Every structure is written in C-alpha cells, then in structure tokens.
Amino acid sequence: MSQLETTPARAGVDTPVVIVGPTASGKSEVAMSVAIGSGNTHIVACDAMQVYRRMDIGTAKPTMEERARVVHHGLDLVDPSEVFTVSDYQANARQAVSEIRAGGARALVVGGTGLYLTALIDDLQFPGQWPDVRAELMREPQVDVLYRRLQVLDPIAASKIEPSNRRRIERALEVCIGSGQPFSATGPGTGAYPDNGVVQIGILWDRQKLAERIEQRIHRMMDEGLLAEARELRASGSLSTTARQALGYRELFEHLDGDCSLGDAVGDMITHTRQFAVRQERWFRRDPRIRWIHVEQDPVSEIGPILAEYLR
RNA sequence: GGUCGGGUAGCUCAGUAGGCAGAGCAUGCGCCUGAAAAGCGCAGGGUCACCGGAUCGACGCCGGUCCCGACCA
C-alpha cells in the first residue's frame, strides 16, 4: 500500500466493468446475459484473436445474432494478413470505451488476453518501435551476445529478463538502441496493479471441469465447421504472425499441410487450449484487484447477478 | 508350438566393460510493456515386467515365469 493519496475504489458509471477468466469459462455468455438485462451496456471484447475477421468459429467470436442484440466492440478490426499489436488494441479499445461513455451507456469488458486488458485499464505506455534496429538484432545468431549487450545498456531490464528469453531481450534492446533511453525507464510494467477504480470479476472453475468444457467446446467447433474455416483461411493468402498461431487454426494447418492426422490435430488443440487456459489463470491470479467467483455449474446464473449489480 | 525382437517416468523412447537412472512430451508452479492464443524459466514424478541365482554391488550377467510385436510352422 502506498502512503500517497490514492483514488478510492469505486464502480462509477464512467468506469468499465470487467469480467475475466480462462478460455471456455463462459465469460461471453455471462456478459451477453448481463448486457441484455441491463439494456444500456455495450460489450468490449479483449481478445487478441477475435480482432481478426474470418476467424469466427475458432475464436468463439459472438455470433451475428448476438451482436445484433448487444453492441460489441473490439471484433473484426483487421484482416488476418495484417499486423495488429497490443498498442493498436489499446488505442482502439480506449476509443471504444470513451465513445460508449459519451453515449451514456456502460462498458462491459470481456477479458481473455491479459496483456491487452492491462493495456486497456492500466496506463501502460508503449515506447515505440524501431523495425530497422529489430531486424538487425534478429540477425545475431547468439542469444547470449544480445543478453550481454542488454546488461550493458540496461542492467535493470536485463535483471528482469531470463538470459534465454530471446523475444524479450530483443524488444528491450530495440527500445534502448532506438530511443536512446533504457527500456526499464518506460514505466512500472504489468505488475503494478494501481487502484484504477475498475471492477474486475473473475470466473474460477475447478481445473478438471474446465478441461472438460474445453474438450467439449473444441468438438463443438469442429462440428460447426472449423476445419472448413481453417481451410479457407489458409487458401486466402498469407497470414500475420499472430493470426497464424491462433489455437485451433495452427493445429489444423498442420493437418492440412499433411503433417499429422486430423485426430492428432484435434488432440493437440485440446492439449494446447488447456495449457493456454492455465496460462491465462496464472496471468490473472497475480492481479489482487480481481474478485474471483468460484463457479460450479452455470456461470450465467452463478455470476450474472453479481456482475449485474455493478452495472446498475 | 518354434525363432528373433521388446517390456525403464502419465506417454514415446534413450541408457550403463556391473558402481546413486536420462531426454522429449504431458502435469504442477513462476515470469511477462508493440507476435501475448506468443515467448521464457523452475519443479515433482521410477519396485528399470515378475521370481530366483552368481557378485562386495544388478536395470544391466545367468536360469525361469508372464505380457507385447514380427517372422516360421
């Protein structure tokens, strides 16, 4: 706790309300029912993959019928071939929230992508991009060379990054070299959890039950035509790095390339999705501001009323 | 029935002139500032099929039993 004055926690009409949870936890379902009940609530999707058009079944995107009943933001923002980053999401989602507010409605954020949510509700500032610098860094074959360089340019950042994590080392170096400022000077990072007045409700399932829901959902997606959707996507041209690695699609691409059987691809989808769900839980459970609700059976009836309270 | 392989971590498999049993995947936990459905780290986990023998000492060598696979009849 800081000794400085802090904004008291409040669920004011001008702040969004957030529902978070792992994939297949029932977030969207709960949000839909609460938004309908409120009559004056827009949904803001916080999902790194639902921003891509034509990736509908595999990202469990709300249907057109649902979108006709409740206004949704954050969906179908770009083509799967386009590069889209956290920073783009931040700008887009903040714009959406302020427009919702200006129109006198409430914003209900459905959060599945932790970093994107942090970018939306906690003033994360992104220092910029230097593609030339990055390209040059990527040419260096040895990670430890890069790491040693970071230790010199920004010892603080280096101390927080594992020497083998090439992705993060490259980005930190890109910023140091490109901006002339240490990367670590950018801000407190993702673990600050300031009191921002945003109400966050988390859906908590028993692991085993969530695993069953994931498996059922994947089979449902396959029944709904995920394979055909993946095939069309694959035929439509090049995909951005992000879109290409979307769960469900990436395993089916492997099968379509002839690298594995359909059964194996579906099995991998289930395992990978389960692992992703656990990673989401691990990200969210660090945030002490989230109020977790343990769900046993039906998320809509078990969490809906609690969430609705905050949107009155 | 016979011959030859094989039985080692939850799974797929390494391994040792006899000297404290390994990897990948899975699982658990942690990290995370412009790819985040990404990326990275740490950890737990074994009657080495079973029974007997020789040996200071056996997962390994010898004898037998049981299972799996291939081939031969």
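These numbers come from a predicted model, not from an experiment. In the text below, chain A, chain B and the rest are named by the order of the sequence lines, each starting its count at 1.
Within the 4.0 angstrom heavy-atom criterion, base atoms lie near Arg171(A). Thr113(A) comes within 4.0 angstrom of sugar-phosphate atoms only, judged by non-hydrogen atoms across all strands, and of no base. Contact annotation for Thr241(A): base contact, defined as any heavy-atom pair under 4.0 Å involving a base atom. Across all strands shown, Gly248(A) has no heavy atoms under 4.0 Å from either base or sugar-phosphate atoms. The residue Thr23(A) sits apart from the nucleic acid: no heavy atom pair falls under 4.0 Å. Using a 4.0 Å heavy-atom criterion, one finds that Tyr116(A) contacts the sugar-phosphate atoms exclusively. Contact annotation for Gly191(A): no contact, since no heavy-atom pair falls under 4.0 Å across all strands. Heavy atoms of Phe84(A) sit under 4.0 angstrom from primed sugar atoms or phosphate atoms, though from no base atom.
The side chain of Thr85(A) lies closest to rA35(B), out of rA35(B), rA37(B), rC29(B). For Gln245(A), taking side-chain heavy atoms from C-beta onward, the closest of the listed nucleotides rG34(B), rA35(B), rG41(B) is rA35(B). If you check rA37(B), rG34(B), rC31(B) against the side chain of Arg168(A), the one that comes closest is rC31(B). For Arg279(A), the side-chain atoms get nearest to rA38(B) when compared with the rest of rA37(B), rA38(B), rG34(B).
At rG34(B), none of the side-chain N or O atoms of Gln90(A) fall inside 4.0 Å of OP1 or OP2 (strictly under the cut-off). An OP1 or OP2 oxygen of rA37(B) is reached within less than 4.0 angstrom by no side-chain nitrogen or oxygen of Gln280(A). Contact check, Ser240(A) against rA35(B): no side-chain N or O comes under 4.0 Å of OP1 or OP2. A sub-4.0 Å separation between OP1 or OP2 of rG30(B) and a side-chain N or O of Arg285(A) is present. Dashed line: the shortest gap from a side-chain N or O of Thr271(A) to OP1 or OP2 of rA26(B) is not under 4.0 Å. Residue Arg167(A) places none of its side-chain N or O atoms closer than 4.0 Å to OP1 or OP2 of rU33(B).
In terms of position on RNA chain B, the residue among Pro188(A) and Arg250(A) whose nearest nucleotide sits closer to the 5' end is Pro188(A). Summary of the strand contacts: Phe276(A) and Gly187(A) both lie near RNA chain B, and taking for each the nucleotide with the nearest heavy atom, the more 5' one is attributed to Gly187(A).
Ring centers of His42(A) and His72(A): at least 6.0 Å apart, outside the cut-off.
Here rA54(B) sits opposite no nucleotide as a Watson-Crick or G-U wobble pair (both hydrogen-bonding atom distances under 3.5 Å). Of all nucleotides present, only rG69(B) satisfies the Watson-Crick or G-U wobble test against rC4(B), with each distance under 3.5 Å.
For Gln129(A) against rG34(B), a side-chain-to-base donor-acceptor contact under 3.5 Å is present.
Across the protein-nucleic acid pair, Glu174(A) atom CD and rU33(B) atom P stand 13 Å apart, rounded to whole Å. Atom CZ of Phe126(A) and atom C1' of rA35(B) are 13 Å apart (whole Å).
Between Asp268(A) and Arg250(A) no salt bridge is recorded (no basic side-chain N to carboxylate O distance below 4.0 Å).
Comparing the C1' positions of rC50(B) and rU12(B) gives a spacing of 24 Å, expressed to the nearest Å.
Other residues, nucleotides and ligands place more than 12 heavy atoms under 6.0 Å from the CZ atom of Arg94(A).
Side chain of Gln50(A) to main chain of Thr59(A): a donor-acceptor pair is present (N/O by atom type, distance under 3.5 Å, no hydrogens or angles).
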